[in-house]
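Working notes for the structure below.
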Amino acid sequence: METENTAPAKLPKLLLATRNRHKTREIQTMLGEGVLVTDATEAGNLPEIEETGTTFEENSKLKAEGISLHVRGIVLADDSGLEVDALGKQPGVYSARYAGPGCIDEANTSLVLERMSGVPHEQRTARFRCVLAVAENGVTMAVFDGTVEGILATEVRGEGGFGYDPIFMPLGYAETFGELSSEVKHTMSHRSRALVQFKEWWAARKS
Ligand code: ITT
């Protein structure tokens with residue numbers, strides 16, 4: 001008689017070339033329970049990749065390629081940030097270190113608000129951008145780009161999200177990403193828009 005195999009199937013794993021646990025959490029939530037997402041804080045002995053590029057794409061590829069040389073299988077990297085039109089698209093690729101190397105999110109948001117002080121509503125346009133690069137054995141295989149347009153608030157609002165979320169109102173909303181639920185953020189965020197494309201690519205590759 002045949003017995004049914006009730007052992008749980010081994011989940012496919014995806015390694016993210018990031019040390020930002022907020023990104024890992026968001027990507028795990030968006031990919032769902034069918035995939036086990038890990039990152040460079042969990043996988044031991046992975047090198048720190050210097051972000052020497054001047055574009056999101058360059059930095060994303062640097063991280064994906066650099067980490068993929070040290071592991072088996074594909075690696076996904078996320079380079080992302082906030083572009084503020086009135087600041088000449090700053091902080092851009094410097095979003096994580098706008099107020100100085102190793103600074104906390106609150107210092108970055110305060111600096112953006114300070115530099116935007118007195119700028120009228122119609123000139124407070126901004127966007128979040130996310131570029132995902134996927135690499136294996138040191139070679140980039142694909143790159144995906146996602147953007148969400150919005151307006152900068154004049155003060156910090158909300159406890160949700162991370163980074164610049166409490167000062168960014170996506171177009172069509174009076175609330176910031178810090179005030180909106182993570183479910184709402186994931187329906188329109190730069191990261192989710194890039195991740196949808198990655199999911200399609202990954203599914204096509206596996207089939
Ligand atoms: P890794 O390089 O290890 O991935 P990092 O935080 O240094 O981590 P980036 O260089 O891509 O990553 O910088 C991204 C910064 O942009 C992040 O630290 C936030 O300040 C901001 N950012 C990116 N996505 C965001 C989001 O969804 N909400 C708010 N801020 C975001």
Side-chain angles (χ1 to χ4, degrees), residues 14-30 37-43 46-68 75-84 87 89-113 126-135 143-150 152-153 156-170 173 175-195:
L14 179 66
L15 177 65
L16 300 184
T18 185
R19 292 181 195 280
N20 184 328
R21 298 286 294 160
H22 297 285
K23 290 182 182 177
T24 309
R25 226 167 286 141
E26 288 200 356
I27 291 173
Q28 175 71 79
T29 302
M30 292 186 278
V37 179
T38 59
D39 65 26
T41 66
E42 295 163 310
L46 291 174
E48 192 78 51
I49 308 292
E50 236 194 300
E51 296 184 35
T52 52
T54 55
T55 64
F56 293 114
E57 179 165 344
E58 277 170 16
N59 283 337
S60 191
K61 286 163 80 172
L62 279 174
K63 290 187 270 191
E65 290 173 11
I67 295 296
S68 74
V75 169
L76 185 70
D78 166 319
D79 203 65
S80 45
L82 180 72
E83 290 180 347
V84 180
L87 298 177
K89 299 208 172 166
Q90 293 289 314
V93 291
Y94 305 104
S95 290
R97 47 194 151 130
Y98 194 45
C103 64
I104 56 168
D105 287 348
E106 288 73 11
N108 288 327
T109 45
S110 298
L111 186 56
V112 168
L113 287 182
R127 70 202 53 77
F128 274 125
R129 289 195 50 210
C130 171
V131 175
L132 297 175
V134 49
V143 172
F144 310 99
D145 199 323
T147 300
V148 55
E149 300 285 337
L152 280 195
V156 169
R157 287 199 263 118
E159 308 283 317
F162 70 101
Y164 298 92
D165 281 340
I167 61 168
F168 182 86
M169 297 180 285
Y173 288 82
E175 298 92 350
T176 66
F177 269 160
E179 295 172 303
L180 292 167
S181 68
S182 57
E183 287 79 11
V184 172
K185 179 182 176 188
H186 295 338
T187 62
M188 68 182 99
S189 81
H190 51 314
R191 185 160 294 106
S192 65
R193 287 176 173 162
L195 204 65

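Quick note: numbers below take in every heavy atom, side chains included, and nothing from hydrogens, waters or symmetry partners. As the structure lists them, so they are numbered: ligands from 1, and atoms in each ligand from 1.
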Legend entry - Pair Thr18, Asn20: side-chain N/O donor-acceptor within cut-off below 3.5 Å: no
Inset, instruction - Starting from atom 7 (O) of ligand 1, find the nearest protein heavy-atom neighbour and note its residue, name and distance. - result: Ala96 CB, 3.5 Å
Legend entry - Closest non-hydrogen atom pair, Lys63 against Asp79: NZ-OD1, 2.8 Å
Inset, instruction - Report the nearest protein non-hydrogen atom to atom 14 (C) of ligand 1: residue, atom name, distance rounded to 0.1 Å. - result: Ser80 O, 3.1 Å
Inset, instruction - Measure the distance from atom 4 (O) of ligand 1 to every protein heavy atom, then report the residue, atom name and distance (to 0.1 Å) of the closest one. - result: Thr18 OG1, 2.6 Å
Inset, instruction - Using a 4.0 Å heavy-atom cut-off, say whether Phe128 meets ligand 1 through its side chain, its backbone, both or neither. - result: side chain
Inset, instruction - Do me a favour and list the nearest non-hydrogen protein atom to atom 24 (N) of ligand 1 with residue, atom name and distance? - result: Arg191 NH2, 2.9 Å
Legend entry - Minimal non-hydrogen separation, Ala99 against Asn108, with atom names: N-OD1, 2.8 Å
Inset, instruction - Enumerate the atoms of ligand 1 whose separation from the nearest heavy atom of His190 is less than 4.0 angstrom. - result: 24 (N), 25 (C), 26 (C), 27 (O)
Legend entry - Of the listed options Lys23, Glu26, Arg19, Glu51, closest to atom 12 (O) of ligand 1 (non-hydrogen atoms): Lys23
Legend entry - For atom 30 (N) of ligand 1, closest protein heavy-atom neighbour: Tyr164 N, 3.1 Å
Inset, instruction - Look at the side chain of Glu179 and the backbone N and O of Thr176, then say whether any donor-acceptor pair between them is shorter than 3.5 Å. - result: yes
Inset, instruction - Within a distance under 4.0 Å of any heavy atom of Asp165, pick out the atoms of ligand 1 and give their elements. - result: 26 (C), 28 (N), 29 (C)
Legend entry - Contact check: Lys185 vs ligand 1, nitrogen or oxygen atoms, below 3.5 angstrom: yes
Inset, instruction - Provide the closest heavy-atom pair for Leu113 versus Ala153 in the form atom of the first, atom of the second, distance. - result: CD2-O, 3.4 Å
Inset, instruction - I would like to know whether Lys185 and Glu175 meet salt bridge (Lys or Arg N to Asp or Glu O under 4.0 Å); could you show each step before the answer? - result: CA-CA 11 Å; Lys185 179 182 176 188; Glu175 298 92 350; over 6 Å; no
Inset, instruction - Decide whether the shortest distance between a heavy atom of Arg97 and an atom of ligand 1 is less than 4.0 Å. - result: no
Inset, instruction - Keeping the roles fixed (side chain from Asp105, backbone from Phe162), state whether a donor-acceptor pair exists under 3.5 Å. - result: no
Legend entry - Whether Asp78 lies under 4.0 Å from ligand 1, heavy atom: yes
Legend entry - Nearest non-hydrogen partners of Cys103 and Ala96, listed with the distance: SG-O, 3.8 Å
Inset, instruction - Mark up the atoms of ligand 1 that fall under 4.0 Å of a heavy atom belonging to Ser95, in ascending order. - result: 15 (C), 16 (O), 20 (O)
Legend entry - Backbone of Val131 reached by a side-chain donor or acceptor of Ser60 within 3.5 Å: yes
Inset, instruction - Heavy-atom contacts with Gly163 under 4.0 Å: which atoms of ligand 1 show up? List them by number with element. - result: 20 (O), 29 (C), 30 (N)
Legend entry - Check: Gln28 side chain, Val37 main-chain N or O, donor-acceptor pair, under 3.5 Å: yes
Inset, instruction - Heavy atoms only: give me the nearest His186-Ser192 pair and the separation to one decimal. - result: O-OG, 2.9 Å
Inset, instruction - Could you tell me whether Asn20 and ligand 1 have an N or O pair separated by under 3.5 Å? - result: yes
Legend entry - Min heavy-atom dist Asn108 to ligand 1 below 4.0 Å: no
Legend entry - Nearest non-hydrogen protein atom, atom 25 (C) of ligand 1: Phe162 CZ, 3.4 Å
Legend entry - Atoms of ligand 1, numbered as shown, that sit under 4.0 Å from any heavy atom of Asp79: 9 (P), 10 (O), 11 (O)
